[in-house]
Asks: 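Let me give you the structure first, and then I'll get to my questions.
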Amino acid sequence: MQERRYGLWQGRKVLFIGDSLTAKRIYPEVVKDILGIETFYHCKGGASLKSMVDGDNGIGGDYDNETDASGVLRPLTASDVAGMDLVVLYGGYNNRNLDIGEAGDLYRADGTGQKTIAGFMQYAINRIYEELYAANNMTCRLLVVTVDCAGRYPWVQVDGRGETTPGTGRTLEAMANVQKAVAERNAIPCCDLFHNSGINEH
């Protein structure tokens with residue numbers, strides 16, 4: 001068996017932030033095998049874009065060993081991002097019933113602003129940068145990964161091209177498009193899974 005030769009990412013530290021697709025630890029470990037990175041996780045099944053960075057109980061919520069034992073996700077902290085070379089933000093599926101919005105929307109910590117996919121994407125990006133600043137780790141890169149074109153699930157009766165609520169325009173493709181637009185507005189690289197992954201509604 002030929003020894004794998006890794007490239008420039010060998011040994012680099014990558015933090016994966018996300019929902020169940022990240023919490024299963026399948027795709028990050030494939031990336032680890034390909035690139036030779038070290039993988040770190042801040043994720044939980046069912047997490048929204050906001051809870052990925054603010055925790056299940058919010059930034060000011062109660063967190064202790066008991067909540068940890070019951071699987072409560074803590075807020076993202078400076079210690080989570082300290083020393084990281086890359087942070088990957090991959091989520092949105094659990095926000096699919098929100099209005100899409102547009103790049104420039106912003107949800108704010110006090111509950112004001114736009115409660116849209118775009119608004120929560122910008123909020124999550126801002127929160128990640130807050131913690132990177134606090135960790136004095138501004139050489140770390142950020143990568144946004146869009147949702148893909150999922151098939152139907154027992155709890156979601158439409159595929160990735162269908163509207164979650166008829167007449168609203170809320171599709172996974174619309175979500176992916178606005179995630180890409182928000183990333184571009186922030187000069188952040190984006191991996192567009194919806195259009196480029198080979199995953200489709202089938």
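If you're wondering where the values come from, they're calculated on a predicted model, not measured in any experiment.
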Asks: Can you see which heavy atom on Q179 is nearest to which on V147, and at what distance?
Replies: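 Q179 and V147 have their closest heavy atoms at OE1-N, 3.1 Å.
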Asks: Rounded to the nearest 0.5 Å, how far does CG of L35 lie from CD of Q10?
Replies: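 Q10 CD to L35 CG: 10.0 Å, rounded to 0.5 Å.
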Asks: Quick check against the 3.5 Å criterion: does Y63 have a side-chain atom that pairs as donor or acceptor with the backbone of N57?
Replies: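 Judged by distance alone, yes, a pair lies under 3.5 Å.
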Asks: With hydrophobic residues grouped by side-chain heavy-atom distances under 4.5 Å, do Y90 and V30 end up in a single group?
Replies: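 Same hydrophobic cluster.
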Asks: State, to 0.1 Å, how close Q157 and R152 come at their nearest heavy-atom pair, and which atoms those are.
Replies: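 Heavy atoms of Q157 and R152 come nearest at O-NH1, 2.9 Å.
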Asks: More than 12 heavy atoms of other residues, nucleotides or ligands under 6.0 Å from CG of D62: yes or no?
Replies: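 At most 12 heavy atoms, drawn from other residues, nucleotides or ligands, come within 6.0 Å of this atom.
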Asks: Between atom CD of E38 and atom NZ of K32, what is the distance when rounded to the nearest 0.5 Å?
Replies: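 Spacing of CD (E38) from NZ (K32) equals 7.5 Å.
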Asks: Surrounding NZ of K50 (heavy atoms of other residues, nucleotides or ligands, distance under 6.0 Å), is the total greater than 12?
Replies: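 Yes - once you tally the heavy atoms of other residues, nucleotides and ligands closer than 6.0 Å, there are more than 12.
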Asks: D68: which residues meet the side-chain hydrogen bond (donor to acceptor under 3.5 Å, both in side chains) condition with it, sequence neighbours left out?
Replies: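 side-chain hydrogen bond (donor to acceptor under 3.5 Å, both in side chains) list for D68, sorted by chain: R74.
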Asks: Roughly how far apart are T171 OG1 and I100 CD1, rounded to 0.5 Å?
Replies: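 CD1 of I100 is found 6.0 Å from OG1 of T171.
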Asks: Looking at H202 and G151, would you say the former's side chain and the latter's main chain have a donor-acceptor pair under 3.5 Å?
Replies: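 Checking the backbone N and O of G151 against the side chain of H202, no donor-acceptor pair under 3.5 Å is found.
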Asks: For the residue pair F194 and G160, what are the closest heavy atoms and their distance?
Replies: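 Between these two residues, the closest heavy atoms are CE1-O, 3.7 Å.
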Asks: How far does CD of E184 sit from SG of C190, to the nearest 0.5 angstrom?
Replies: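 Going from CD on E184 over to SG on C190, the span is 9.0 Å.
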Asks: Which residues satisfy the side chain to side chain contact (heavy atoms under 4.5 Å, CB included) test with A150, sequence neighbours excluded?
Replies: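 If we apply the side chain to side chain contact (heavy atoms under 4.5 Å, CB included) test to A150, skipping adjacent residues, the hits are D148, Y153, L172.
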Asks: By side chain to side chain contact (heavy atoms under 4.5 Å, CB included), which residues pair with L86, not counting sequence neighbours?
Replies: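 Partners of L86 by the side chain to side chain contact (heavy atoms under 4.5 Å, CB included) criterion, ordered by chain and then number, come out as W9, V14, V88, R141, L143.
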Asks: Could you see if I34 belongs to whatever hydrophobic cluster contains F16? Use Ile, Leu, Val, Met, Phe, Trp, Tyr and a side-chain cutoff under 4.5 Å.
Replies: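 Yes, it is one cluster - the side chains of I34 and F16 are joined through contacts under 4.5 Å.
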Asks: Quick check: do I17 and V87 have side-chain heavy atoms less than 4.5 Å from each other?
Replies: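 I17 reaches V87 side chain to side chain.
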Asks: According to side chain to side chain donor-acceptor pair (under 3.5 Å), does anything in residues 158-169 pair up with another residue at least two apart or in another chain? List the pairs.
Replies: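 The answer is R161-E201.
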Asks: When rounded to the nearest 0.5 angstrom, what distance separates CG in L89 from SG in C191?
Replies: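 These two atoms lie 12.5 Å from each other.
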Asks: How close do A47 and G18 get, heavy atom to heavy atom, and via which atoms?
Replies: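 That would be CB-O, 4.0 Å.
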Asks: Whether the side chain of N95 engages the backbone of L98 through a donor-acceptor N/O pair (distance < 3.5 Å, no angle test) should be reported.
Replies: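 Side chain of N95 to backbone of L98, a donor-acceptor pair under 3.5 Å: no, none is there.
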Asks: Given the rule in the salt bridge (charged side-chain N to carboxylate O under 4.0 Å, His left out) test, do E131 and R127 qualify, once you have shown the distances and angles that lead to the verdict?
Replies: CA-CA 6 Å; E131 300 307 332; R127 282 280 296 114; 2.7 Å; yes
Asks: Sequence neighbours excluded, which residues qualify as side-chain hydrogen bond (donor to acceptor under 3.5 Å, both in side chains) partners of D80?
Replies: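 Scan of D80 (side-chain hydrogen bond (donor to acceptor under 3.5 Å, both in side chains), adjacent residues dropped) gives T77.
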Asks: Which distance, rounded to the nearest 0.5 Å, do you find between the OG of S48 and the CG of N94?
Replies: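 The distance works out to 7.5 Å.
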Asks: Could you list the donor-acceptor pairs under 3.5 angstrom formed by side chains in residues 104-126, with sequence neighbours left out?
Replies:
residue : atom : partner : partner atom : Å
D105    : OD2  : E102    : N            : 3.1
D105    : OD2  : T116    : OG1          : 2.9
D110    : OD1  : T112    : N            : 2.9
D110    : OD1  : T112    : OG1          : 2.6
Q114    : OE1  : L106    : N            : 2.8
T116    : OG1  : G119    : N            : 2.9
Q122    : OE1  : N186    : ND2          : 2.8
Q122    : NE2  : N126    : OD1          : 2.8
Q122    : NE2  : N186    : OD1          : 3.1
Y123    : OH   : D54     : OD1          : 3.2
Y123    : OH   : D54     : OD2          : 2.5

Asks: Under the side chain to side chain contact (heavy atoms under 4.5 Å, CB included) rule, collect the residues that match up with L132, sequence neighbours excluded.
Replies: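 In terms of side chain to side chain contact (heavy atoms under 4.5 Å, CB included), with neighbours along the sequence ignored, L132 is linked to V81, I128, Y129, N137, M138, C140.
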Asks: List the residues meeting ring-ring contact (aromatic ring centres under 6.0 Å, His included) with F40, not counting sequence neighbours, and say none if there are none.
Replies: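 Partners of F40 under the ring-ring contact (aromatic ring centres under 6.0 Å, His included) test: none.
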Asks: Under a single-linkage definition using a 4.5 Å side-chain heavy-atom cutoff for Ile, Leu, Val, Met, Phe, Trp and Tyr, are V72 and L49 assigned to the same hydrophobic cluster?
Replies: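 No.
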Asks: Looking only at non-hydrogen atoms, find the nearest pair between A23 and G45 and report the distance.
Replies: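 Minimum heavy-atom contact is CB-N, 4.0 Å.
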Asks: Connecting only ILVMFWY residues whose side-chain heavy atoms lie within less than 4.5 Å of each other, what is the rest of L73's hydrophobic cluster?
Replies: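 For L73, no cluster forms, as it stays isolated from other hydrophobic side chains.
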Asks: Please list, chain by chain and in numerical order, all residues satisfying side-chain hydrogen bond (donor to acceptor under 3.5 Å, both in side chains) with K44, sequence neighbours excluded.
Replies: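 D56.
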Asks: Is there a chain of hydrophobic side chains (I, L, V, M, F, W, Y, each step under 4.5 Å between heavy atoms) that links I199 to L21?
Replies: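 No, I199 and L21 fall in different hydrophobic clusters.
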Asks: Among all residues two or more places apart in sequence or in another chain, which pass the side chain to side chain contact (heavy atoms under 4.5 Å, CB included) test with A82?
Replies: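 A82 satisfies side chain to side chain contact (heavy atoms under 4.5 Å, CB included) with A135 only.
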Asks: Could you see if L76 belongs to whatever hydrophobic cluster contains I59? Use Ile, Leu, Val, Met, Phe, Trp, Tyr and a side-chain cutoff under 4.5 Å.
Replies: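 Looking at the clustering, I59 is in the same group as L76.
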Asks: Please name all residues satisfying side-chain hydrogen bond (donor to acceptor under 3.5 Å, both in side chains) with E29, sequence neighbours left out, ordered by chain then number.
Replies: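 Scan of E29 (side-chain hydrogen bond (donor to acceptor under 3.5 Å, both in side chains), adjacent residues dropped) gives T39, Y41.
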Asks: When you measure from the side chain of D19 to the backbone of G91, do you find a donor-acceptor pair of N or O atoms at a distance under 3.5 Å?
Replies: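 Here the side-chain-to-backbone pair does not exist.
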Asks: Which pair of non-hydrogen atoms, one from D64 and one from E66, has the smallest distance, and what is that distance?
Replies: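 Closest approach of D64 to E66: OD1-N, 2.9 Å.
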